Amino acid sequence: MEDTIAAISTALGVGAISIIRVSGSEAIKIVDKIFDQDILNAPSHTIHYGHITSNDKIIDEVLVSVMLAPKTFTTENVVEINCHGGITTTNKVLELILNNGARLAEPGEFTKRAFLNGRIDLTQAEGVMNLIEAKSDKSREMSINQLTGSVSNVISKIRTDLVNIISNIEVNIDYPEYEDIEVLTNEKILPNINKVKIELTKAIKNAENGKLLNMGIKIGIIGKPNVGKSSLLNALIEENKAIVTNIEGTTRDIVEGDFLLNGIACHVIDTAGIRETEDIVEKLGVDKSLAIIEDADLIIFMLNNNEELTENEKELLNKIKNKKHIVVINKIDLNNKLVIDDQNLIRISIKDNIGLDKLKDKITEMFNLGEITTDDMTYLSDARSISLLKKALNIIDDSINNLENGTPIDIVEMDLKTCWNTLGEIIGETYTDELIDEIFSRFCLGK
């Protein structure tokens with residue numbers, strides 16, 4: 001990390017301003033070469049008005065912010081150039097910076113440097129990306145807590161509890177002759193490990209809630225043609241986004257929209273009607289619909305109240321029975337010809353605006369959205385962290401089983417150290433270069 005990096009930190013396009021960020025030991029010297037004001041001796045955290053020039057020609061009128069190490073995001077010297085918005089001007093200023101000694105930053109490299117330089121831990125770094133991608137106020141609030149270290153403190157507390165247990169075990173193993181040391185038995189250490197299990201179980205439950213806050217709920221609407229799938233999507237998102245006609249096969253590709261439910265982002269997908277067809281284009285749409293069944297968090301299977309179940313619909317019911325699903329029977333204003341038994345069944349009439357509230361209440365119930373509180377938003381939210389938490393819990397369960405079966409305490413200690421290291425991977429206390437590269441490659445350029 002001895003080189004100096006630069007990138008555009010704002011979205012490319014026409015706008016009032018765009019910002020180019022430069023970080024590294026040579027950041028100030030490089031910008032000074034193209035800026036018509038002297039910033040080599042500028043105090044830290046000051047802003048300077050002037051012009052970016054090339055061969056005595058003015059490229060842009062700018063404001064240059066100078067921030068000296070170590071009190072910066074990356075802990076390195078950082079310069080930010082506020083240009084007039086526009087692709088051509090912004091790219092030209094970036095080009096001059098690169099020509100004078102900087103290197104184009106990789107995606108997420110500024111945040112990666114902040115992590116590697118000890119400015120933030122891995123959970124806080126992921127909070128930066130979550131904040132950028134926040135889809136609701138709740139996910140924004142959760143990301144802020146992650147960014148400020150509140151989430152990291154939860155993991156650090158559990159690791160501290162583990163260290164206390166491990167240190168007591170080691171004292172007993174290394175200094176058995178000391179009479180003033182309490183002799184640890186399996187029965188004495190078990191309550192402390194059970195406390196760790198309780199904390200991990202709580203953290204996993206919160207993490208699952210955090211994943212909902214961060215990622216939202218992906219809802220796929222499936223069914224045969226002309227059962228009201230597009231009408232339901234339009235009703236949920238309160239927008240006429242999907243084309244609605246009484247002609248079968250109108251929807252040939254997926255149509256998507258979003259709505260908020262209890263502060264949780266719901267991404268709903270209207271799929272092509274599933275049926276046997278010789279139409280090549282419609283068949284592609286049907287294939288996509290079947291793929292949605294595997295990918296969605298929730299399946300809404302729509303049926304017509306005035307039509308008997310077809311063999312194809314029976315097959316679809318069997319296909320989704322082990323997934324989270326809701327069977328929605330539409331057109332209840334018409335004569336009932338449908339006989340079906342499913343515990344997650346809602347009857348509606350989209351035309352008469354009947355039953356939509358019951359459908360939303362059912363989704364809220366299935367995902368426990370009413371239990372996601374906003375008074376404690378110290379949630380982890382990504383699949384990597386959740387996987388590591390579950391791995392740590394499995395290790396603790398093994399430790400408890402070993403203790404109850406009389407396994408020597410030094411063997412249990414090895415399990416506890418493995419658990420401690422596993423939790424360290426969440427906050428980046430232990431990591432591999434490959435893991436770090438993979439995580440930060442998902443960040444946007446300039447962040």
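The model shown is predicted, which means the values in this text are computed figures rather than measured ones.
Here the side chains of Asp32 and Asp38 are in contact, with some heavy-atom distance below 4.5 Å. Two residues are said to be in side-chain contact when any heavy atoms from C-beta on lie closer than 4.5 Å; Thr422 and Leu388 meet this criterion. Ile326 is listed as a side-chain neighbour of Leu359, based on a closest heavy-atom distance under 4.5 Å. The closest side-chain heavy-atom distance from Asp36 to Ile52 is not below 4.5 Å. By the 4.5 Å heavy-atom criterion applied to side chains, Leu317 and Val327 are counted as neighbours. In this structure, the side chains of Glu199 and Lys157 stay at 4.5 Å or more apart for every pair of heavy atoms. Looking at heavy atoms from C-beta onward, Phe367 lies in side-chain contact with Leu298 at the 4.5 angstrom threshold. When side chains are defined from C-beta on, Val22 does not count as touching Val78, because their heavy atoms never get closer than 4.5 Å.
In this structure, Asp415 and Ser399 approach most closely via the heavy-atom pair CB-OG, 3.2 Å. Contact detail for Leu96 and Ser54: the closest heavy-atom pair is CD2-OG, 3.7 Å. Contact between Glu429 and Arg159 at its shortest, heavy atoms only, is CG-NH1, 3.4 Å. Between Leu423 and Ala392 the shortest heavy-atom distance is CD2-CB, 3.8 Å. The two residues Cys419 and Ile395 have their closest heavy-atom pair at CB-CG2, 3.9 Å. When every heavy atom of Thr90 is checked against every heavy atom of Ile20, the shortest pair comes out as O-CD1, 3.5 Å.
Checking side-chain atoms of Arg384 against main-chain N and O of Glu425 turns up a donor-acceptor pair under 3.5 Å. A side-chain donor-acceptor contact under 3.5 Å links Thr72 to the backbone of Glu76. Not a single donor-acceptor pair under 3.5 Å links the side chain of Asn402 to the backbone N or O of Val412. No side-chain donor-acceptor contact under 3.5 Å links Lys224 to the backbone of Asn312. No donor-acceptor pair closer than 3.5 Å links the side chain of Lys362 to the backbone N or O of Asn344. Between the side chain of Gln124 and the backbone N or O of Asp121, at least one donor-acceptor pair lies under 3.5 Å. When atom types are taken as modelled, the side chain of Arg119 and the backbone of Thr74 share no donor-acceptor pair closer than 3.5 angstrom. Between the side chain of Thr10 and the backbone N or O of Ser18 there is no donor-acceptor pair closer than 3.5 Å. A donor-acceptor pair under 3.5 Å is formed between the side chain of Ser349 and the backbone N or O of Asp352. Using a distance-only test at 3.5 Å, with no hydrogens or angles considered, no donor-acceptor pair links the side chain of Glu95 to the main chain of Lys92.
With sequence neighbours excluded, the residues forming a side-chain contact (heavy atoms from CB on, under 4.5 Å) with Ile47 are Leu63, Ser65, listed by chain and number.
Other residues, nucleotides and ligands contribute more than 12 heavy atoms inside 6.0 Å of the NZ atom of Lys323. The environment of Lys197 atom NZ is sparse: at most 12 non-hydrogen atoms of other residues, nucleotides or ligands sit within 6.0 angstrom.
No donor-acceptor contact under 3.5 angstrom links the side chains of Asn304 and Asn330, judged on distance only.
A salt bridge is defined here as a Lys NZ or Arg NE, NH1 or NH2 lying under 4.0 Å from an Asp or Glu carboxylate O, and Glu413 with Lys417 meets this definition. Here Asp3 pairs with Arg113 in a salt bridge; the nearest charged N to carboxylate O distance falls below 4.0 Å. Using a cut-off of 4.0 Å between Lys/Arg side-chain N and Asp/Glu carboxylate O, Lys360 and Glu365 are scored as not salt-bridged.
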Practice prompt. Dump the intermediate steps for side-chain hydrogen bond (donor to acceptor under 3.5 Å, both in side chains) on Ser230 and Asp270, then the final yes or no.
Written response: CA-CA 6 Å; Ser230 297; Asp270 171 27; 2.5 Å; yes
Discussion item. With side-chain hydrogen bond (donor to acceptor under 3.5 Å, both in side chains) as the criterion, how do Thr89 and Asp60 come out once you've worked through the C-alpha distance, each side chain's angles and the decisive distance to 0.1 Å?
Written reply: CA-CA 7 Å; Thr89 300; Asp60 194 18; 5.4 Å; no
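Legend: ring pair (Phe, Tyr, Trp, His ring centres under 6.0 Å) pairs involving residues 90-122, not counting sequence neighbours, sorted by first then second residue: Phe115-Tyr431.
Across Ile30, Leu68, Val66, Val31, a single residue satisfies side-chain contact (heavy atoms from CB on, under 4.5 Å) together with Asn77, and that is Leu68.
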